[in-house]
Amino acid sequence: MAMRPTAEPAARTTLASPMNSAREGSLRPEIGFTPEPTLVHERVIEWFEGNARPLPWREPDCTPWGVMVSEIMLQQTPVVRVLPRWELWMQRWPKPADLAAAPTSEVLTAWDRLGYPRRALRLQAAAQAMVERHQGEVPRTAAELRALPGVGEYTAAAVACFAFLEPEVVVDTNIRRVHARAFTGHALPGKTYTSAQRRLAHELMPAAEPDDGATACAWNASAMELGALICTARAPQCQACPVADLCAWRAAGSPPATQEQQTRGQGWAGTDRQVRGAIMAVLRTGETVGRTELLDELPLPDASQEQRSRCLDSLLRDGLAADDAGQISLPGAQGSASQGPGGPVAGQTAGTGSAGLAAVEHQAQRLGE
DNA sequence: ATCCAGTCGT
DNA sequence: ACGACCGGAT
């Protein structure tokens with residue numbers, strides 16, 4: 001696992017591909033032109049070396065805990081909104097044990113307006129589970145990570161890969177889109193992650209030596225970054241894409257997304273999510289208020305009494321709020337202690353400037369020490 | 001209205 | 001497999 005700093009980048013090693021034997025691609029009747037994965041790997045990884053954003057959780061000195069915190073915060077949340085919260089979070093709770101011992105009210109306040117605050121609850125529950133089951137350390141394997149609260153298929157693979165260089169198949173919304181365009185020839189991947197897409201993602205992984213996760217991780221990080229910066233959902237920057245000439249979607253004439261591929265909007269105004277968010281915004285100020293006053297002061301004139309009440313009850317059930325004899329506040333002490341029936345959701349149970357592949361290499365170094 | 005490094009319960 | 005779950009920006 002240990003890689004010397006002067007070692008040749010993993011991307012330079014020969015990449016074997018199980019798919020096509022042709023040098024540049026193949027013509028499949030039902031799809032059209034399909035590029036040779038090996039060539040795409042080489043191009044995208046090289047592009048990543050010079051174009052990756054210098055994100056702190058990709059720095060060589062970032063701990064696995066820092067990687068994990070970033071992955072949770074980044075769920076359905078853009079990088080620019082995560083950055084400041086992540087910095088404060090890591091400064092305040094540099095290890096899982098620190099977060100595990102923190103008052104939940106402080107955890108939710110620090111989460112601020114990142115959205116989906118149940119993620120903060122689950123992250124604290126995950127930290128507590130790591131203290132109990134993993135000696136306060138972030139576990140190394142995707143299977144162990146997957147068992148933690150708030151860690152799904154994507155996050156388990158991402159933490160195992162980016163923090164420990166495990167050769168996991170990482171598939172997020174960016175990567176699904178890159179695959180859909182470059183290899184399947186579709187404008188968008190569709191709403192649901194299908195088994196066919198999962199199979200394709202596995203087939204597309206570079207086949208490196210069994211013990212070398214660096215190449216797999218470089219491909220994961222590179223494809224993700226390409227989707228985030230170039231192969232974006234709308235107005236992709238194909239003129240700056242390193243594989244524009246290999247892209248199946250481009251080869252097909254860049255057909256627009258079909259109705260099937262469109263993602264239905266979730267809506268916001270008038271939803272319970274908006275009302276819950278408004279309640280949480282009040283509680284985050286640190287205020288402790290009577291149930292009636294709290295519901296009355298919500299800045300949502302269109303929300304019915306019934307909806308307000310229902311949303312507060314759901315927050316109490318989720319462990320995002322606490323009710324002390326009619327006085328509502330953020331939940332006080334650590335995580336699971338005194339909650340309503342059922343308990344809280346959490347329950348128990350790049351080198352500085354250019355970063356890029358250099359960061360992956362440095363991670364390898366650190367792990368080898 | 002759509003998108004964003006998704007997860008969870010039904 | 002589908003909907004709920006936050007919030008800001010385009």
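To find a chain, count down the sequence lines: A is the first, B the second, and so on, and within it residues start at 1.
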*Between the side chains of Thr104(A) and Gln124(A), is a donor N or O closer than 3.5 angstrom to an acceptor N or O?*
yes

*Please work out if Glu153(A) contacts a base, only the sugar-phosphate, or nothing of the nucleic acid, heavy-atom cut-off 4.0 Å.*
sugar-phosphate

*NA contact type, Ala233(A), heavy-atom cut-off 4.0 Å: base, sugar-phosphate, or nothing?*
sugar-phosphate

*Taking atom P of dG7(C) as reference, at what distance in whole Å does atom CZ of Arg118(A) sit?*
12 Å

*Can you tell me if Gln305(A) and Gln307(A) form a side-chain donor-acceptor pair at under 3.5 Å?*
no

Run the side-chain donor-acceptor check on residues 149-157 of chain A: report pairs under 3.5 Å with partners two or more places apart or on a different chain.
unit_1: Glu153(A); atom_1: OE1; unit_2: Arg198(A); atom_2: NH2; d: 3.0
unit_1: Glu153(A); atom_1: OE2; unit_2: Arg198(A); atom_2: NE; d: 3.0
unit_1: Tyr154(A); atom_1: OH; unit_2: Glu71(A); atom_2: OE1; d: 2.7
unit_1: Thr155(A); atom_1: OG1; unit_2: Gln75(A); atom_2: NE2; d: 3.0

*Which nucleotide in the set dC3(B), dC4(B), dC6(C) lies at the smallest distance from any side-chain heavy atom of Arg273(A)?*
dC6(C)

*With a non-hydrogen cut-off below 4.0 angstrom, is Arg310(A) in contact with a base, only sugar-phosphate, or nothing?*
nothing

*Assign Gly115(A) to base, sugar-phosphate, or nothing according to its heavy-atom contacts below 4.0 angstrom with the strands shown.*
base

*Would you tell me if any nitrogen or oxygen in the side chain of Arg176(A) comes within less than 4.0 Å of OP1 or OP2 on dC4(B)?*
no

_Closest to side chain of Arg146(A), choosing from dC6(C), dC4(B), dC8(B)_ = dC8(B)

*State which of dA5(B), dT7(B), dC4(B) makes the closest approach to the side chain of Leu74(A).*
dA5(B)

*Between Met280(A) (CE) and dG7(C) (P), how many Å, whole number?*
8 Å

_Within 6.0 angstrom of Gln239(A) CD, more than 12 heavy atoms from elsewhere_ = yes

*For residues Arg291(A) and Ser309(A), is any side-chain donor paired with an opposing acceptor at under 3.5 Å?*
yes

*asked:* Whole angstroms only, please: what is the CZ-C1' distance between Arg177(A) and dA5(B)?
replied: 11 Å

_It should be established whether Ser70(A) places a side-chain nitrogen or oxygen under 4.0 Å from OP1 or OP2 of nucleotide dA5(B)._
no

*Specify the residue among Ser195(A) and Thr77(A) whose closest nucleotide of DNA chain C lies further upstream toward the 5′ end.*
Ser195(A)

*Look at Thr173(A) and dA5(B) and indicate whether a side-chain polar atom (N or O) is within less than 4.0 Å of OP1 or OP2.*
no

*Would you say a side-chain N or O of Gln76(A) is under 4.0 Å from OP1 or OP2 of dG6(B)?*
yes

*Write down the distance between CG (Leu320(A)) and C1' (dC6(C)), rounded to a whole number of angstrom.*
11 Å

*Within this structure, what is the CD-to-C1' distance between Gln75(A) and dA4(C), rounded to whole angstrom?*
15 Å

*For Met68(A) and dG6(B), what is the distance between atoms CE and P respectively, to the nearest whole Å?*
16 Å

_Salt bridge flag under 4.0 Å for residues Arg43(A) and Asp245(A)_ = yes

*Taking CZ from Arg119(A) and P from dG6(B), how many angstroms apart are they, rounded to a whole number?*
10 Å

*Listed nucleotide nearest any side-chain atom of Tyr116(A), set dG6(B), dC4(B), dC6(C)*: dC6(C)

Mind listing the N/O atom pairs, protein and nucleotides 8-10 of chain C, below 3.5 Å?
unit_1: dG8(C); atom_1: OP1; unit_2: Arg113(A); atom_2: NH1; d: 2.6

*Does one side chain, of Glu36(A) or Thr38(A), offer a donor that lies under 3.5 Å from an acceptor on the other?*
yes

_Rounding to an integer number of angstrom, what distance separates dA1(C) and dA5(B) when you compare their P atoms?_
24 Å

*Side chain of Arg122(A) only, please: which of dT7(B), dC8(B), dG7(C) is the nearest?*
dC8(B)

*asked:* Starting the side chain at C-beta, find the nucleotide from dA5(B), dC2(C), dC4(B) nearest to Thr192(A).
replied: dC2(C)

_Of the listed nucleotides (dC6(C), dG6(B), dA5(B)), which one gets closest to any side-chain atom of Val79(A)?_
dA5(B)

*For Arg199(A) and Thr194(A), test the side chains for any donor-to-acceptor distance below 3.5 angstrom and give the result as yes or no.*
no

*Of Thr194(A) and Ala281(A), whose closest DNA chain C nucleotide lies nearer the 5' terminus?*
Thr194(A)

*asked:* Taking side chain to side chain donor-acceptor pair (under 3.5 Å) as the definition, give me every residue that meets it alongside Thr173(A), ordered by chain and number, with sequence neighbours left out.
replied: none

*asked:* What is the separation between atom CH2 on Trp268(A) and atom C1' on dC3(B), rounded to the nearest whole Å?
replied: 15 Å

*Expressed in whole Å, how much space separates the P atoms belonging to dC6(C) and dG9(B)?*
14 Å

